[in-house]
Amino acid sequence: VYKRQLLQIVGVHAKYWSSKELEGFSWCNKENRRSLITARVEELQERGKRLESPMARTLVPNHILDFLRAWIDNYSLLLDFIPVSPATLTHGDFNTGQVFFSEDKSREPCVVDWQTARPNSAAVDVACAIVGGLGAGIPKELENPLIELYWDKLTKSGVQNFPRVDFEMDYCFHLCDFLEIFVSHALGLAESDVGFMRHYIDGLVWSVDSHNAIKKVPEYILSLIHI
């Protein structure tokens with residue numbers, strides 16, 4: 001399922017890679033993206049106050065609380081690392097819930113809900129697909145094979161001017177970015193809805209404990225100042 005999901009989006013990425021049709025969009029402007037991340041830092045710091053609430057201490061394991069505090073304290077360092085990879089058309093919310101599969105396996109999957117589509121680095125969709133899938137229980141051992149599958153198809157589709165190391169750096173950046181979404185959901189849920197909040201907390205616990213890349217996010221962000 002996840003292989004077919006990634007193979008669906010790679011065709012879109014290859015078709016619009018560095019396309020002049022995307023040049024008029026301001027999202028790829030470095031300053032615009034910096035402003036967006038600045039706003040996220042402010043929001044995340046405000047939500048971070050909820051880490052000290054009685055419910056947070058009840059629902060969230062101590063090592064996860066420490067992880068979230070480290071994330072909030074270091075998130076602003078992302079401002080110093082804005083990907084400058086070639087832009088392509090991205091879905092923007094490419095999780096498994098956005099892909100319809102037919103019972104007839106000879107038919108291609110259908111990607112839906114394109115209202116979040118925008119020019120961005122291709123890695124944003126790859127990170128969303130993998131971190132969302134891993135959060136749903138994909139063994140972490142599949143992460144590298146899925147990335148390899150995507151990269152192989154992308155290069156065979158004609159994209160030859162983008163170094164693999166730059167793609168992997170972009171992937172790490174967007175992995176961090178999507179983790180912020182997990183954190184935001186967990187901290188932004190109404191305290192009266194314990195069941196719904198626990199759903200996200202359990203996802204965070206699984207991600208931090210089982211996903212090597214996410215587990216090292218604070219250390220990775222700190223390393224960005226040396227890049």
Side-chain angles (χ1 to χ4, degrees), residues 2 4-44 47 75-100 108-136 146-147 149-151 153-155 157-164 166-185 188 213-214 217 221 224:
Y2 298 98
R4 295 178 72 193
Q5 178 185 354
L6 281 177
L7 290 176
Q8 282 300 105
I9 202 66
V10 70
V12 176
H13 290 168
K15 180 178 180 180
Y16 289 97
W17 195 269
S18 298
S19 172
K20 291 184 177 180
E21 297 178 48
L22 305 179
E23 290 179 355
F25 290 87
S26 60
W27 173 252
C28 299
N29 180 282
K30 187 171 183 177
E31 291 306 315
N32 286 358
R33 298 178 76 176
R34 180 177 292 271
S35 297
L36 176 63
I37 295 179
T38 300
R40 286 184 177 177
V41 168
E42 294 173 355
E43 293 172 2
L44 194 58
R47 287 192 294 265
Y75 189 75
S76 61
L77 293 176
L78 288 173
L79 289 170
D80 296 323
F81 179 66
I82 309 296
V84 291
S85 58
T88 187
L89 181 64
T90 63
H91 184 281
D93 188 22
F94 193 56
N95 58 70
T96 51
Q98 310 288 24
V99 184
F100 287 176
E108 292 294 325
C110 177
V111 181
V112 298
D113 288 347
W114 285 88
Q115 63 265 33
T116 56
R118 62 183 61 185
N120 206 337
S121 91
V124 69
D125 283 340
V126 180
C128 185
I130 290 178
V131 78
L134 287 169
L146 286 172
I147 292 175
L149 173 73
Y150 172 88
W151 182 256
K153 181 66 174 179
L154 185 70
T155 55
S157 298
V159 175
Q160 302 291 335
N161 61 339
F162 188 41
R164 172 69 178 266
D166 288 352
F167 172 78
E168 291 181 352
M169 187 170 288
D170 265 2
Y171 172 74
C172 286
F173 171 85
H174 290 294
L175 195 68
C176 295
D177 211 26
F178 278 108
L179 182 57
E180 185 270 334
I181 294 174
F182 277 114
V183 174
S184 298
H185 278 302
I214 290 180
V217 162
I221 293 177
L224 292 178

Nearest 0.5 Å, what's the NE2-SG distance between His91 and Cys128? 8.5 Å
When rounded to the nearest 0.5 Å, the distance separating OG1 of Thr155 from CG of Asn161 is 11.5 Å
Qualifying residue, where the test is side chain to side chain contact (heavy atoms under 4.5 Å, CB included) with Leu154 and the options are Leu149, Val159, Leu6, Ile9: Val159
Could you tell me whether a side-chain N or O of Gln5 sits under 3.5 Å from a main-chain N or O of Ile130, the two making a donor and an acceptor? no
Closest contact, heavy atoms only, Ala123 versus Tyr171: CB-N, 3.6 Å
Those residues at least two apart in sequence (or on a different chain) that pass side chain to side chain contact (heavy atoms under 4.5 Å, CB included) with Gln8 are Glu108, Pro109, Val111
Rounded to the nearest 0.5 Å, what separates atom CZ in Arg118 from atom OG1 in Thr88? 14.5 Å
Do we see a donor-acceptor contact under 3.5 Å between the side chains of Ser121 and His174? yes
Residues two or more places apart in sequence or in another chain: which of them pass salt bridge (Lys or Arg N to Asp or Glu O under 4.0 Å) with Arg4? none
CZ on Phe94 to OG1 on Thr116, rounded to 0.5 Å: 11.0 Å
Does the side chain of Trp114 come within less than 4.5 Å of Val12's, by heavy atoms? yes
Taking the ring centre of each residue, are Tyr150 and Phe167 less than 6.0 Å apart? yes
